[in-house]
Amino acid sequence: MKQIVLVAFLLVSTGSFAQDLNSEGRDPAYVDVIVKRSQKIIDQLGIDDSKEATLARVILCNRYFELNDIYEVRDAKVKLANETLEGEAKEAAKKAAEDEKDAALYRSHFAFTNSLAIHLNAEQVSGVKDGMTYGVLGVTYKATCEMIPSLTAEEKMQIYAWLVEARELAIDAESANKKHAVFGKYKGRINNYLAKRGYNLTKEREEWYKRIEEAKKKE
């Protein structure tokens, strides 16, 4: 609890403007979870300056809070529509709630990245995004390259670009399942792309598994 109180009243200055932890009115237990989650991500970035690390953590915490607020507003409007409207009116109200949520996410998405970039380098900003999405980009890219060693530089570049695009969407998703669903969609796109390029993915996967088993035997 002491940690929450200290962080909650921490004022961080950046140039001519300041930012503090947006924890007012939130459940202390929830705040504690978000602070610890964010700290874990920041700790993996190798930031030498402790002040910059603290600033980045506050920005990340506030992004989690902001996402939660956006989705709570959407959920409340959808709930109200379900309880008070019927037919086309209900569906229109629910669609409007989703559209408003998407607009709010869009408006805030790049502000988050830009705020991080004030305190972190490009590699560290990317690390924050990886932390928010459980490292799926790196794991998927590595597995795909290992499964198909004959991938060309062009194909690798396209696969990586799509995974980066997936990560940009996934960092705004409302839950772990939704984040993985975003990557799942892009994995399907990658598989279709590779199939059109002439790769037999079933065969490539079988051969990959064989190589893994052979490597284990040699250990």
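This chain uses plain numbering: 1 for the first residue, then up along the sequence.
- Val164 and Leu169 fall within the same hydrophobic cluster, defined by Ile, Leu, Val, Met, Phe, Trp and Tyr side-chain heavy atoms under 4.5 Å apart, directly or through other members.
- Here Asn121 contributes atom CG and Glu52 contributes atom CD; the two are 11.0 Å apart, rounded to the nearest 0.5 Å.
- Here the CZ-NE2 distance, from Arg57 to His119, works out to 13.0 Å after rounding to the nearest 0.5 Å.
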For residues 125-152, please give each side-chain donor-acceptor pair under 3.5 Å, one per line with the distance, not counting sequence neighbours.
from	atom 1	to	atom 2	distance (Å)
Ser126	OG	Arg167	NH1	2.9
Ser126	OG	Arg167	NH2	3.3
Lys129	NZ	Glu168	OE2	2.6
Asp130	OD1	Arg167	NH1	2.9
Thr133	OG1	Lys129	O	2.8
Thr133	OG1	Asp130	O	3.4
Thr140	OG1	Val136	O	2.8
Lys142	NZ	Glu146	OE2	2.6
Thr144	OG1	Thr140	O	2.7
Thr152	OG1	Glu155	N	3.1
Thr152	OG1	Glu155	OE1	3.3

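- Each salt bridge (charged side-chain N to carboxylate O under 4.0 Å, His left out) pair with one or both residues in residues 37-46, not counting sequence neighbours, would appear here, but there are none.
- To the nearest 0.5 Å, the span separating CZ on Arg211 from CD on Glu206 amounts to 11.5 Å.
- Atoms OG and CD1, on Ser23 and Ile34 in that order, are 11.5 Å from each other to the nearest 0.5 Å.
- Enclosure of atom CG in Asp48 is not indicated, since only 12 or fewer non-hydrogen atoms of other residues, nucleotides or ligands lie within 6.0 angstrom.
- The shortest distance between side-chain heavy atoms of Trp162 and Glu165 falls below 4.5 Å.
- When all heavy atoms of Lys179 and Ala170 are compared, the closest pair comes out as NZ-O, 3.1 Å.
- Gln39 has its side chain out of reach of Cys61: every pair of non-hydrogen atoms, C-beta onward, lies at least 4.5 Å apart.
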Next on the checklist: Please evaluate residues Tyr71 and Leu105 with respect to the criterion side chain to side chain contact (heavy atoms under 4.5 Å, CB included), reporting the C-alpha separation (whole Å), side-chain torsions for both, the decisive distance (0.1 Å), and the verdict.
Outcome noted: CA-CA 9 Å; Tyr71 283 107; Leu105 290 175; 3.4 Å; yes

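- If you take CG on Asn62 and OG on Ser38, they are separated by 9.0 Å, rounding to the nearest 0.5 Å.
- Considering all non-hydrogen atoms of both residues, Ala97 and Lys77 come closest at CB-CB, 3.8 Å.
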Next on the checklist: For a side chain to side chain contact (heavy atoms under 4.5 Å, CB included) check, start with the C-alpha distance between Val35 and Leu21, then their side-chain angles and the critical distance, and finish with the verdict.
Outcome noted: CA-CA 10 Å; Val35 169; Leu21 194 70; 4.2 Å; yes

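- Here the closest heavy-atom approach between residue Gly46 and residue Gln124 is recorded as O-NE2, 4.0 Å.
- Using a 4.5 Å heavy-atom cutoff, the side chains of Asn82 and Lys90 are in contact.
- The hydrophobic clustering, which links ILVMFWY residues whose side-chain heavy atoms are closer than 4.5 Å, places Tyr30 and Val73 apart.
- Look at Glu213 and Lys216 and you find a salt bridge, because one of the NZ, NE, NH1 or NH2 atoms lies within 4.0 Å of a carboxylate O, short of that distance.
- Judged purely by atom type and a 3.5 angstrom limit, Glu91 has no side-chain atom pairing as donor or acceptor with the backbone of Glu88.
- Look at Lys101 and Glu98 and you find a salt bridge, because one of the NZ, NE, NH1 or NH2 atoms lies within 4.0 Å of a carboxylate O, short of that distance.
- Annotation: side chain of Asp20 is not in contact with side chain of Val58 (no heavy-atom distance under 4.5 Å).
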Checklist entry - When you look at Arg63 and Asp172, which way does the side chain to side chain contact (heavy atoms under 4.5 Å, CB included) test go after all the steps? => result CA-CA 9 Å; Arg63 181 54 178 168; Asp172 289 345; 2.7 Å; yes

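- Note: the hydrophobic cluster containing Met157 does not contain Tyr193 (ILVMFWY, side chain heavy atoms under 4.5 Å, direct or indirect links).
- When all heavy atoms of Ser115 and Ile59 are compared, the pair lying nearest together is O-CD1, 3.5 Å.
- When the side chains of ILVMFWY residues are joined at heavy-atom separations under 4.5 Å, either directly or via intervening members, Leu116 and Ile47 end up in a single hydrophobic cluster.
- Pairs passing the ring pair (Phe, Tyr, Trp, His ring centres under 6.0 Å) check and including a residue from residues 72-112, sequence neighbours excluded, do not occur.
- Leu163 CG to Gln158 CD: the interatomic distance, rounded to the nearest 0.5 Å, is 10.0 Å.
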Next on the checklist: The test is salt bridge (Lys or Arg N to Asp or Glu O under 4.0 Å); show your working for Glu214 and Lys217 and say whether it passes.
Outcome noted: CA-CA 5 Å; Glu214 288 298 321; Lys217 293 177 182 178; 3.7 Å; yes

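- Cluster annotation: Tyr64 and Leu120 are assigned to the same hydrophobic cluster (Ile/Leu/Val/Met/Phe/Trp/Tyr, side-chain heavy-atom contacts under 4.5 Å, transitive).
- A cation-pi arrangement, defined by a distance under 6.0 Å to the six-membered ring centre and an angle within 45 degrees of its axis, is present between Arg189 and Tyr186.
- Of all the heavy atoms in Ile42 and Ala53, the pair that sits closest is CG2-O, 3.7 Å.
- A salt bridge is defined here as a Lys NZ or Arg NE, NH1 or NH2 lying under 4.0 Å from an Asp or Glu carboxylate O, and Lys36 with Asp32 meets this definition.
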